[in-house]
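Since this is a predicted model, take the numbers as computed values, not measurements. Atoms within a ligand are numbered from 1 in the order they appear, just like the ligands themselves.
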Amino acid sequence: MASKITKSLNGSLQVPDQPIIPFIIGDGIGPDIWHASVRVFDRAVEVAYGGKRKIEWKEILAGQKAFDTTGEWLPQETIDVLKEYLIGIKGPLTTPIGGGIRSLNVALRKELDLFVCQRPTKWYEGVPSPVKHPEYVNMVIFRENTEDIYAGIEFAAGTSDAAKIQDFLRDELHVDYNFSTGTGVGIKLVSELGSKRLIRAAIEHALEHKLPSVTLVHKGNIMKFTEGAFKNWGYELAETEFEHQTYTWGQWERTKEEKGDSAANAEQQEALAGGKLLIKDVIADNFLQQILLNPSDYSVIATLNLNGDYISDALAAIVGGIGIAPGANINYNTGHAVFEATHGTAPRFANTDTMNPSSVILSGVMMLEYMGWQEAADIIVKALSKTIKEKTVTVDFFSLMENATLVKTSSFADHIIEKL
Ligand code: NAD
């Protein structure tokens with residue numbers, strides 16, 4: 001009988017053979033890409049486990065469909081079900097226009113405290129790319145999901161609240177800044193707890209998957225007490241909680257000061273040869289150059305909310321664009337996770353059966369991996385790669401490939417299923 005996924009007292013996920021998994025179908029192109037993707041998931045699980053395992057899908061409402069049915073964009077029941085069943089998957093959602101909810105995705109992340117936005121970026125052979133060597137990109141981004149300038153604490157120019165804050169800064173804190181009446185205010189918040197739980201998740205991911213490095217990406221040279229603190233807390237965490245498993249650039253610098261360059265280099269080489277994970281950092285603007293110039297130097301990325309937003313899209317573009325970029329929002333402490341297509345609802349193409357379902361399919365792969373159903377995840381990746389390599393593709397890739405075969409969303413899924 002189908003049952004819920006739970007988290008045991010020791011912190012591990014308990015996944016029954018027939019788990020109930022809630023899904024949000026999504027607006028616009030959501031139904032097209034979901035219907036194609038779910039057939040791939042079901043068949044992959046059936047093939048991988050000989051019928052022993054099966055997902056029971058449970059539809060929950062959000063977005064336009066929820067509004068049309070219940071009058072609410074994000075019904076409380078949807079949040080309650082996601083809380084209860086731990087894991088969910090969703091298609092893209094329309095952002096309501098006007099007051100109230102700013103973004104349904106942000107609201108979901110907040111309600112479930114999904115502090116990690118995880119985005120793997122990897123190139124699949126044959127996918128059209130604007131760079132010469134997209135195969136050098138193989139990174140997993142851990143973007144902090146709850147803090148930073150994205151916390152939504154903003155006051156519009158000309159309001160009394162904005163004026164009050166400016167008065168307080170000038171009169172009480174003696175801030176030397178020439179405030180004018182037409183100035184809006186946004187507050188940037190970065191906490192030790194928020195930074196460390198994100199960086200901890202990134203380090204644990206790198207250790208578990210035997211990846212070579214974690215890079216802290218920040219603008220600490222300018223924003224010292226927020227982004228600079230993020231970097232410092234990251235090094236501190238690595239050197240305390242992961243002392244025996246990591247080697248940090250901070251350690252390298254200390255050895256260099258005491259014993260010189262060559263001793264520091266030798267120490268680093270020995271640590272890495274012994275299997276230690278390298279923890280380094282890079283300034284965000286430089287990182288955006290590095291992903292084009294030296295992408296193979298980077299593996300796991302831990303960064304703040306706004307940097308992570310820019311970096312995720314820049315990397316997605318390098319490996320083939322938003323039609324193929326998956327994502328997940330996770331709270332590693334409670335186990336809650338929502339896997340999602342990273343693109344929007346592309347409303348112009350709703351019900352045309354033309355868009356690329358790869359983003360949802362690969363989000364499902366992340367979900368299966370999170371559940372520990374690695375075999376099903378692996379065969380989907382293999383079949384999807386093969387389909388693209390054979391140049392059987394949807395319109396977004398077709399327009400950029402030579403001698404390709406154009407297929408509909410549903411038929412793209414059929415080709416993957418055939419190969420499973
Ligand atoms: P969009 O991502 O929906 O579309 C931009 C363009 O990208 C499309 O016109 C299309 O050419 C291409 N595209 C998107 N998905 C594709 C796919 N699967 N295959 C092939 N091509 C694809 O961005 P938008 O037009 O700015 O936003 C439309 C709506 O989606 C808005 O309401 C926005 O708020 C919402 N949105 C939702 C999410 C989400 O739920 N995660 C994310 C971004 C935008």
Show the atoms of ligand 1 that are less than 4.0 angstrom away from any heavy atom in [X].
{"X": "T95", "result": "32 (O), 33 (C), 34 (O)"}
{"X": "N356", "result": "17 (C), 18 (N), 19 (N), 20 (C)"}
{"X": "L93", "result": "35 (C), 36 (N), 37 (C), 39 (C), 40 (O)"}

Any non-hydrogen atom of [X] lying under 4.0 Å from ligand 1?
{"X": "I29", "result": "yes"}
{"X": "A341", "result": "yes"}
{"X": "I33", "result": "no"}

List the closest protein heavy-atom neighbour of [atom]: residue, atom name, distance to the nearest 0.1 Å.
{"atom": "atom 39 (C) of ligand 1", "value": "N105 ND2, 3.0 Å"}
{"atom": "atom 21 (N) of ligand 1", "value": "M355 SD, 3.4 Å"}
{"atom": "atom 10 (C) of ligand 1", "value": "F349 CE1, 4.1 Å"}
{"atom": "atom 30 (O) of ligand 1", "value": "T345 N, 3.0 Å"}

Query raised in the report: If you measure every N/O of A346 against every N/O of ligand 1, is any gap under 3.5 Å?
Result: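 N/O-N/O distance below 3.5 Å exists for this pair.
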
**Report entry** Any N/O pair H343/ligand 1 closer than 3.5 Å
**Finding:**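 Yes, there is a polar N/O contact under 3.5 Å.
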
Side chain, backbone, both or neither: which part of [X] has a heavy atom under 4.0 Å from ligand 1?
{"X": "D396", "value": "side chain"}
{"X": "K90", "value": "side chain"}
{"X": "I322", "value": "side chain"}

Query - Y150 vs D309, side-chain hydrogen bond (donor to acceptor under 3.5 Å, both in side chains): CA-CA, chis, key distance, verdict - result: CA-CA 10 Å; Y150 274 31; D309 200 357; 2.5 Å; yes

Report task. Quick one: do R109 and E340 satisfy salt bridge (charged side-chain N to carboxylate O under 4.0 Å, His left out)? Show the steps, please. Result -> CA-CA 12 Å; R109 286 169 203 169; E340 64 174 356; 3.2 Å; yes

Query raised in the report: Are the aromatic rings of W34 and F23 close, with centres under 6.0 Å apart?
Result: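 Yes, ring centres under 6.0 Å apart.
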
Query raised in the report: H133 and Y136: aromatic ring centres closer than 6.0 Å?
Result: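 That pair passes the under 6.0 Å test.
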
What heavy-atom pair brings [X] and [Y] nearest, and what distance separates the two atoms?
{"X": "S37", "Y": "P357", "answer": "OG-O, 3.7 Å"}
{"X": "S129", "Y": "W123", "answer": "CB-NE1, 4.2 Å"}
{"X": "I89", "Y": "V360", "answer": "CD1-O, 4.3 Å"}

**Report entry** Spatial distance of atom CG (N307) from atom CG (L216) [nearest 0.5 Å]
**Finding:**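 Spacing of CG (N307) from CG (L216) equals 11.5 Å.
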
Query raised in the report: What's the spacing between K389 NZ and Y124 OH if we round to 0.5 Å?
Result: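 Rounded to the nearest 0.5 Å, the NZ-OH separation comes out at 14.0 Å.
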
**Report entry** Six-ring centre of F67, K65 cation under 6.0 angstrom, axis tolerance 45°
**Finding:**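 No, K65 does not lie over the aromatic ring of F67.
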
Query raised in the report: Hey, does the Lys NZ or Arg CZ of K280 hover above the aromatic six-ring of Y298, less than 6.0 Å from the centre and inside 45° of the axis?
Result: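 Relative to the ring axis of Y298, which defines the angle, K280 lies inside both limits.
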
So, for [atom], does the protein have a heavy atom nearer than 4.0 Å?
{"atom": "atom 19 (N) of ligand 1", "result": "yes"}
{"atom": "atom 24 (P) of ligand 1", "result": "no"}
{"atom": "atom 5 (C) of ligand 1", "result": "no"}

**Report entry** Option nearest atom 27 (O) of ligand 1 (shortest heavy-atom distance, choices G91, G344, G63)
**Finding:**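 Considering heavy atoms of G91, G344, G63, the nearest to atom 27 (O) of ligand 1 sits in G344.
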
**Report entry** Salt-bridge criterion met for D113 and R197 (N-O under 4.0 Å)
**Finding:**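 Judged by the 4.0 Å cut-off on N to carboxylate O distance, D113 and R197 do form a salt bridge.
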
